[in-house]
Number of protein chains: 2
Amino acid sequence: MVEKQSKINKVSLSQVAREAGVSKMTASRVLRSEGGYSEKTRVKVMAKVDELGYLPNRLATVFAGDKSSTFVGVSIPDLGNEVFAQVLEGIDRKLGALGHQSVLGLTQHTMQEEENWIRTVLSWQPAGLILTGRYHSQSAIEMLRNAGIPIVEIWDLNSSPLDISVGINHFDAGFDMGRYLVGCGYKKIGYVGTSHDTANAASTRLDGFCKAVEGGGGTVERQLCLHDTATYYPGFYGTEQLLGGARGIECIFYQNDAMAFGGLQYCESKGMSVPDDMGIAGWGDLPIASVMGKRLTSMHVPHLKLGQAAAEMMMARLSDEPVETCRDIGFRLIPGSTVTAPT
Amino acid sequence: MVEKQSKINKVSLSQVAREAGVSKMTASRVLRSEGGYSEKTRVKVMAKVDELGYLPNRLATVFAGDKSSTFVGVSIPDLGNEVFAQVLEGIDRKLGALGHQSVLGLTQHTMQEEENWIRTVLSWQPAGLILTGRYHSQSAIEMLRNAGIPIVEIWDLNSSPLDISVGINHFDAGFDMGRYLVGCGYKKIGYVGTSHDTANAASTRLDGFCKAVEGGGGTVERQLCLHDTATYYPGFYGTEQLLGGARGIECIFYQNDAMAFGGLQYCESKGMSVPDDMGIAGWGDLPIASVMGKRLTSMHVPHLKLGQAAAEMMMARLSDEPVETCRDIGFRLIPGSTVTAPT
DNA sequence: AAGAATTAAGTTACCCGTAACGTAAATCTG
DNA sequence: CAGATTTACGTTACGGGTAACTTAATTCTT
């Protein structure tokens with residue numbers, strides 16, 4: 001049974017010092033291997049540290065104002081979307097390897113949630129913040145500007161970031177996919193995605209996509225599943241909705257691979273042949289694509305690498321190394337076999 | 001461009017107080033709505049807070065020792081496995097709603113990583129810890145015991161937990177699946193999973209599974225993909241390995257649905273019909289199953305609910321409400337159509 | 001109107017480490 | 001061997017809040 005208490009360390013540095021018969025300062029020096037003590041003293045102090053199970057209170061160190069914390073706030077829209085889970089994994093692994101910790105914030109795709117989270121997390125004096133997306137509330141932007149710590153905006157490349165931006169240009173990515181599908185001969189194309197209140201990368205992507213399709217003489221029918229996570233079932237259901245409401249659609253572009261997979265299953269369940277009766281294109285090149293019988297037409301984005309790059313740039317900034325303010329992580333179109341090959 | 005600095009708040013409570021013409025203490029009282037000040041004073045102070053953009057430094061509050069922090073350390077093996085991503089989502093959403101933050105630790109399934117992470121995170125004076133799994137290193141256990149904060153062990157139910165345990169009994173879950181498959185008439189059954197150095201829930205599950213199968217007169221052929229994440233491709237590849245090495249296997253049980261899906265794809269790619277030529281059973285009932293043409297035989301575990309329950313029990317313990325020390329979150333066998341129906 | 005009770009403040013001390021500075025003992029130097 | 005230097009410590013002060021205590025001003029009571 002746990003006693004209610006706020007202090008983790010019953011045992012403080014003073015206690016270790018006292019019992020070892022040295023001053024607090026000497027004990028502190030030993031623990032930081034700072035030098036300026038004899039071997040005999042080191043042994044005495046370390047013996048007490050082990051004996052008492054002393055754990056330093058890093059709060060005190062940071063609080064004293066001479067070191068920055070090893071917290072990095074990381075905001076992620078949601079983890080139901082495998083893409084973001086991978087990005088987070090990349091971030092946390094790299095941060096962990098470099099001695100830092102992620103303080104997570106799931107923003108549910110809303111700027112208000114993000115703002116609240118930023119306010120709270122800043123009060124814990126993080127070393128820096130990694131935020132998903134480039135759109136933030138006005139108050140959030142002010143707080144971020146005043147915080148005076150590194151801010152890395154990921155996912156959605158931003159040529160004039162608050163501080164550092166890593167990701168891809170979603171407009172271009174959407175555009176490339178649109179051009180590719182038009183090049184495959186499709187004219188009437190559907191789009192199935194989710195929709196949230198705020199502008200985001202997916203909507204930017206859709207803009208680029210539409211521009212390419214419409215510029216190539218095609219049309220785009222949109223089907224947005226409101227307030228759903230971009231995963232399998234909304235893909236299945238959204239496809240049903242889309243095809244129920246519009247005739248003559250030859251190909252569907254999805255917000256991501258999970259939704260595309262749901263759509264693929266819908267089409268096959270209705271006896272449609274892919275790609276002969278319906279073209280399917282996804283986005284993200286998720287692991288599931290590695291085992292599917294048909295190679296899904298998609299867009300490869302190095303999610304894990306994106307997360308790692310974000311963490312690395314954060315750490316570089318923290319150690320005052322030069323860091324570019326804007327890194328394009330790139331994407332690659334996967335032609336796949338779920339759309340008819342371009343002529 | 002960011003100036004190197006450790007303090008987030010250029011502006012401290014003293015400054016707010018000074019400029020508002022009151023003492024630090026009065027300003028503190030206003031900010032905490034503690035009472036004991038006039039309306040005029042409140043307005044004066046709050047005006048300065050807004051004007052200066054003051055953000056409290058919570059480190060100082062916790063450090064002072066009178067409040068516990070709002071950090072909760074959460075250790076998760078990896079996020080490539082959708083199951084754990086869902087659990088984390090459940091935890092963080094609930095914690096967030098209750099004003100707390102998750103400090104993430106990805107342990108890569110190793111006790112040593114977990115131990116290192118525990119040491120670090122404890123030094124930040126968290127309010128509590130949520131750990132995945134019931135197996136910890138000896139040093140870790142000592143630190144956890146001494147920490148004197150709530151510890152919730154999730155995933156793998158533990159009848160004598162360090163503090164609180166939430167999850168399911170994996171032995172029973174494996175046993176039930178084994179009994180079910182034997183009841184379907186299978187005798188020679190394969191298992192495909194990943195393997196790590198340490199004991200874990202998956203191995204407990206496999207033990208239960210083998211007991212049921214062997215008790216029912218069947219045999220289990222194991223195929224463990226070493227040091228891989230339990231996801232699609234290892235499922236595909238592991239199936240190839242398994243079937244290349246053993247003859248006469250009638251049905252395969254997988255560590256999870258993602259692996260099972262990979263196996264299903266392998267079988268179909270080789271022209272085997274499921275379930276006629278090969279039975280397939282997964283574990284976890286992942287979202288992908290909701291759109292597959294065949295309903296995957298699996299075991300439903302309420303992942304999100306598990307995470308939420310863990311967070312709720314943590315918060316209950318923190319507010320000194322009574323909490324059971326061991327909660328079974330339950331599982332449910334999904335018969336599906338990827339194995340032949342029981343006779 | 002004098003004393004009691006309440007309200008609205010201010011003062012002091014503390015939390016736990018570490019920077020900066022001070023000092024005594026040991027070692028080195030010429 | 002005296003003085004300079006180095007080593008091995010100790011002492012003091014500080015950071016940003018808050019608990020606990022004190023004080024001054026206001027309001028209430030009889």
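First the proteins, then the strands, lettered A, B, ... as listed; each starts at 1. Computed from a predicted structure; not experimentally measured.
An end-to-end axis angle of 40° holds for the helix from dA1(C)-dT30(D) to dG30(C)-dC1(D), taken from five base pairs per end and rounded to 10°.
The distance between atom NZ of Lys40(A) and atom C1' of dT7(D), rounded to the nearest whole Å, is 14 Å. Protein atom CD of Glu34(A) is 12 Å distant from nucleotide atom C1' of dG17(C), rounded to whole Å. Atom P of nucleotide dA8(D) and atom CZ of Arg32(A) are separated by 16 Å, given to the nearest angstrom. Distance, Leu55(B) CG to dG17(D) P: 10 Å, rounded to whole Å. Phe63(B) places its CZ atom 15 Å from the P atom of dA19(D), with the value rounded to the nearest Å. Following rounding to the nearest Å, Tyr37(B) (OH) and dT18(D) (P) show an atom-to-atom distance of 13 Å. Between the NZ atom of Lys44(B) and the C1' atom of dG10(C) there is a distance of 13 Å, rounded to whole Å. If you take CG of Leu59(A) and C1' of dG17(D), they are 12 Å apart, rounded to a whole angstrom.
In the displayed structure, Arg32(A) atom CZ is contacted under 6.0 Å by more than 12 heavy atoms of other residues, nucleotides or ligands.
A side-chain N or O of Asp78(A) and one of His109(A) form a donor-acceptor pair less than 3.5 Å apart. Of the N and O atoms on the side chains of Ser23(A) and Thr26(A), at least one donor lies less than 3.5 Å from an acceptor on the other residue.
The side chain of Tyr54(B) places no N or O atom within less than 4.0 Å of a non-bridging phosphate oxygen (OP1 or OP2) of dG16(D). Considering only side-chain N and O atoms, Ser38(B) lies under 4.0 angstrom from the phosphate OP1 or OP2 of dA9(C).
Side-chain proximity of Leu13(A) to the nucleotides dG17(D), dT18(C), dA19(C) is greatest for dT18(C).
Annotation for Ile329(A) and Ala309(A): closest pair CD1-CB, 3.9 Å, computed over non-hydrogen atoms.
When each of Val30(B), Leu55(B), Leu31(B), Leu13(B) is tested with Val49(B) by the rule side-chain contact (heavy atoms from CB on, under 4.5 Å), just one qualifies, namely Leu31(B).
Within the 3.5 Å criterion, the main-chain N or O of Asn200(A) finds no donor-acceptor partner in the side chain of Trp155(A).
Ion pairing between Arg145(A) and Glu142(A) fails under the 4.0 Å rule for side-chain N and carboxylate O. Taking 4.0 Å as the cut-off between side-chain N and carboxylate O, Glu19(A) and Lys48(A) count as a salt-bridged pair.
Within residues 16-29 of chain A, the residues having any heavy atom under 4.0 Å from DNA chain C are, by residue number, Lys24(A), Met25(A), Ser28(A).
Of the two residues near DNA chain C, Arg42(B) and Ala60(B), the one whose nearest nucleotide lies more 5' is Arg42(B).
Classified by interplanar angle (parallel below 30°, tilted 30° to 60°, perpendicular above 60°), the ring pair Phe71(A)/Phe71(B) is tilted.
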